[in-house]
Amino acid sequence: MPLELHYTANTTVPVEVPELIPERLGNLSLEEIARIRILHGNRREPVGEFFRLQGSAQDGEVYFFGNLQGVHWIGAQMTQGRIVIHGSAGRHVGSQMRGGEIHVHGDVDGWA
């Protein structure tokens, strides 16, 4: 089962997640992933404050679910694996990506 990240936050402040790519998550437990600090506005907050997690990224797949319009940099600098986005996503999806694949079932903002 791929790692599933279900967006649960209700914030108007941007959330940036370039850390959440398959090659960085594959060997981590759900608890370790939940503790990764991501940028929320000008502060770093744990992933678990914004996402409900299940599954594992050991197979190189990460799925995002929800209204992710305020979530930016999904898949940025990715070099391998697969990301699937179920919902609309924010800016910079796949920015500086050098490998792997991203599939979006929704809309993306600028600079994709």
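Taking a 6.0 Å sphere around CD of E101, one finds it holds more than 12 heavy atoms contributed by other residues, nucleotides or ligands.
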Test side-chain contact (heavy atoms from CB on, under 4.5 Å) on L3 and L30 and set out the steps. CA-CA 9 Å; L3 174 64; L30 290 178; 3.6 Å; yes
What's the verdict on side-chain contact (heavy atoms from CB on, under 4.5 Å) for Y7 and V15, showing C-alpha distance, side-chain angles and the deciding distance? CA-CA 11 Å; Y7 191 62; V15 176; 3.7 Å; yes
Evaluate side-chain contact (heavy atoms from CB on, under 4.5 Å) for V62 paired with L25, printing each intermediate quantity in order. CA-CA 9 Å; V62 177; L25 303 176; 4.1 Å; yes
Show your working on side-chain contact (heavy atoms from CB on, under 4.5 Å) between I38 and E19 and close with a plain yes or no. CA-CA 7 Å; I38 55 176; E19 300 85 358; 3.4 Å; yes
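Within the 3.5 Å criterion, the main-chain N or O of R91 finds a donor-acceptor partner in the side chain of H72. Judged purely by atom type and a 3.5 angstrom limit, R37 uses its side chain to pair as donor or acceptor with the backbone of R44. At least one donor-acceptor pair closer than 3.5 Å links the side chain of E32 to the backbone N or O of S29. Using a distance-only test at 3.5 Å, with no hydrogens or angles considered, a donor-acceptor pair links the side chain of T8 to the main chain of F50.
For R24 against Q77, the heavy-atom pair with the smallest separation is NH2-OE1, 4.1 Å. Taking each heavy atom of P46 and A34 in turn, the nearest pair found is CB-O, 3.4 Å. Contact record, I74 with A89: CD1-CB, 4.1 Å, taken as the closest heavy-atom pair.
Note that CG of L5 is 6.0 Å distant from CG of L20, once rounded to the nearest 0.5 Å. We find the CD-CD1 distance between E31 and I36 to be 12.0 Å, quoted to the nearest 0.5 Å. To the nearest 0.5 Å, the span separating CZ on R52 from CD on E4 amounts to 8.0 Å. Atom CE of M1 and atom CD of Q54 lie 4.0 Å apart (nearest 0.5 Å). Considering CD of Q96 and CH2 of W73, their distance stands at 6.5 Å, rounded to 0.5 Å. Between atom CZ of residue F64 and atom CD1 of residue I102 there is a gap of 9.0 Å, rounded to the nearest 0.5 Å.
With sequence neighbours left out, H105 forms a ring pair (Phe, Tyr, Trp, His ring centres under 6.0 Å) with H86.
Hydrophobic clustering, with ILVMFWY side chains joined whenever heavy atoms are under 4.5 angstrom apart, keeps L39 apart from V93. Linking Ile, Leu, Val, Met, Phe, Trp and Tyr whenever their side-chain heavy atoms come within less than 4.5 Å puts L53 and V71 in one cluster. Linking ILVMFWY side-chain heavy atoms closer than 4.5 Å, directly or via other members, places Y63 and I85 in two distinct hydrophobic clusters. By the rule that hydrophobic residues join a cluster once side-chain heavy atoms approach within less than 4.5 Å of another member, M97 and V108 end up as members of one cluster.
At least one side-chain heavy atom of M78 sits under 4.5 Å from a side-chain heavy atom of P22.
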